[in-house]
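Chain letters run A, B, ... following the sequence lines, proteins first and then strands; every chain starts at 1.
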2 protein chains.
Amino acid sequence: MVLTITEENYLKAIFSLGCSGEGGANNQSIAEKLSINPASVTDMLRRLHEKKFIDYNRADGAKLTKEGLKLTIKTVRKHRLWETFLVEKMNFSWSEVHEVAEQLEHIQSDKLLNELDKMLGYPKFDPHGDPIPDAQGKMPITKAKPLPDIEIGRKVRVVNVADNSPSFLKYLDKQEIGLNNILVVKEIQDFDKSVLVELKGKKEVFLSHEASKKIFVE
Amino acid sequence: MVLTITEENYLKAIFSLGCSGEGGANNQSIAEKLSINPASVTDMLRRLHEKKFIDYNRADGAKLTKEGLKLTIKTVRKHRLWETFLVEKMNFSWSEVHEVAEQLEHIQSDKLLNELDKMLGYPKFDPHGDPIPDAQGKMPITKAKPLPDIEIGRKVRVVNVADNSPSFLKYLDKQEIGLNNILVVKEIQDFDKSVLVELKGKKEVFLSHEASKKIFVE
DNA sequence: TATTAAAATTAGGTTAGTCTAAATTATTGT
DNA sequence: ACAATAATTTAGACTAACCTAATTTTAATA
Ligand SMILES: [Mn+2]
Ligand SMILES: [Mn+2]
Ligand SMILES: [Mn+2]
Ligand SMILES: [Mn+2]
């Protein structure tokens, strides 16, 4: 049951593509997510299927098997715990952690993983508000909504961001929007769907539709 | 200047073989250290030479170039800082850290490395008493001697162990010998060169010549 | 010095993971 | 229903890192 780093990355891609959208992950979306040629993806999907980590066919796309899901969730757990570690203990900002966590998630040591979890106080969410699976693979389910779905006037709390790219996160930093911040939705522009929100201290900022779709609140 | 994990491991092997013994590292010793076939080593030595990380010829063996040395020392720094981290912050024992550090040493993040160093208080030695190169690549030089070279009756302090294998380190644990422990050399047996030492609390133990050669004291 | 043994290299192969270009299958718009 | 377009797969190649078996070079010893 020992996966290569490459295999772990494919499984993770299939996992995250499978979360959004109900069907499996199709070749093209995996290729895009991993910046790899579709022909290479075909190859790897065949191998992952042979190893019983995924089911795959052209119509339904790739879906993790029970075994594949178990292994993938462990990788996700590692990724998110390491991100939390980097922010909580190593003075990283939320825009810096993802790249390093992409490396750290492949470290194999159950003891280290458990100690990390303990040191961080068994956190439930990572610095981007993503749920951290526990040692049994269970993770909390939240019913957060994207900002554009909120009625005008509601006061909400930012609980998750659906894009971990440094460019997006730095943009949020600049707008002074962070996890757990309280926002009030003031208005949504008709012509471009941009959202006007009030931050703490009465400060108001416009968020593009593009950006606001990726901000999840409760 | 981006090395593969495999290249880093070869350079590290050449480095450590070059430290002991004045000449370079020969093919066979590298092959043994990495558990790799000599024919494969020939291959890799050629590639490392082409990339200007080593000088190599059959007579003198492999020697790191200035560039190669710089990169290798950084890997050693990472390895030893991570080992220190595991012991100081993650409740690992000195016999458990090496294997995990072999993985962690390949993580690429200058910020993480600096923060790690800072969090640990800029340590000078790792859990086995090996010197940790600083950010400039400088490391303290000590004049420790192996236990069999000490005169009878001298009181000394354990400052380094020259074998990081779990089996050796667990053996030392069992004998209650650890870093910084004070020992008195009571006698050296003629027939097998085993060493009788007195530990704190007057307890006395025999150490085989094999073991005592690997215990460095001051 | 000639013979033998050890060390290193060469030759030829394998596997994982990638690529490009060409062929095949599906989907879609008219 | 059919042509155009999009998605996927096949075919053929490449690189890094390894292997075994055979050969060559160097060292040791009789
Ligand atoms: Mn991430
Ligand atoms: Mn995250
Ligand atoms: Mn070590
Ligand atoms: Mn060490």
Note: B:E218-B:K145 ion pair, threshold 4.0 Å (strictly below)
no
How does protein reach along nucleotides 12-18 of chain C, written 5' to 3' as B (base within reach of a heavy atom under 4.0 Å), S (only sugar-phosphate), or - (no contact)?
----SBB
Taking B:E7 first and then B:K51, would you say they form a salt bridge - that is, a charged N and a carboxylate O separated by under 4.0 Å?
yes
Between A:E105 and A:R80, does any side-chain N to carboxylate O distance fall below 4.0 Å?
no
Under 3.5 Å side-chain donor-acceptor pair for B:S208 and B:D192:
no
Quick one: how far along DNA chain D does chain A reach, first to last nucleotide 5' to 3', anything under 4.0 Å to a heavy atom?
D:dA7 to D:dT10
By ring-ring contact (aromatic ring centres under 6.0 Å, His included), A:F85 pairs with (sequence neighbours left out) A:W82, B:F85
I'd like to know if the side chain of A:T142 pairs up with that of A:N160 as donor and acceptor (distance under 3.5 Å, no hydrogens or angles considered).
no
Any side-chain donor near an acceptor of the partner, B:S29 and B:N26, under 3.5 Å:
yes
Under the rule for ring-ring contact (aromatic ring centres under 6.0 Å, His included), what residues qualify as partners of B:H98, not counting sequence neighbours?
B:H79
Please determine whether a side-chain nitrogen of the Lys or Arg among A:E115 and B:K89 lies less than 4.0 Å from a carboxylate oxygen of the Asp or Glu.
no
Once side chain to side chain contact (heavy atoms under 4.5 Å, CB included) is applied, do any residues pair with A:L113, and if so which ones, sequence neighbours excluded?
A:K74, A:R77, A:K78, A:L81
Output a table of nitrogen or oxygen pairs between the protein and nucleotides 24-26 of chain C separated by less than 3.5 Å.
none

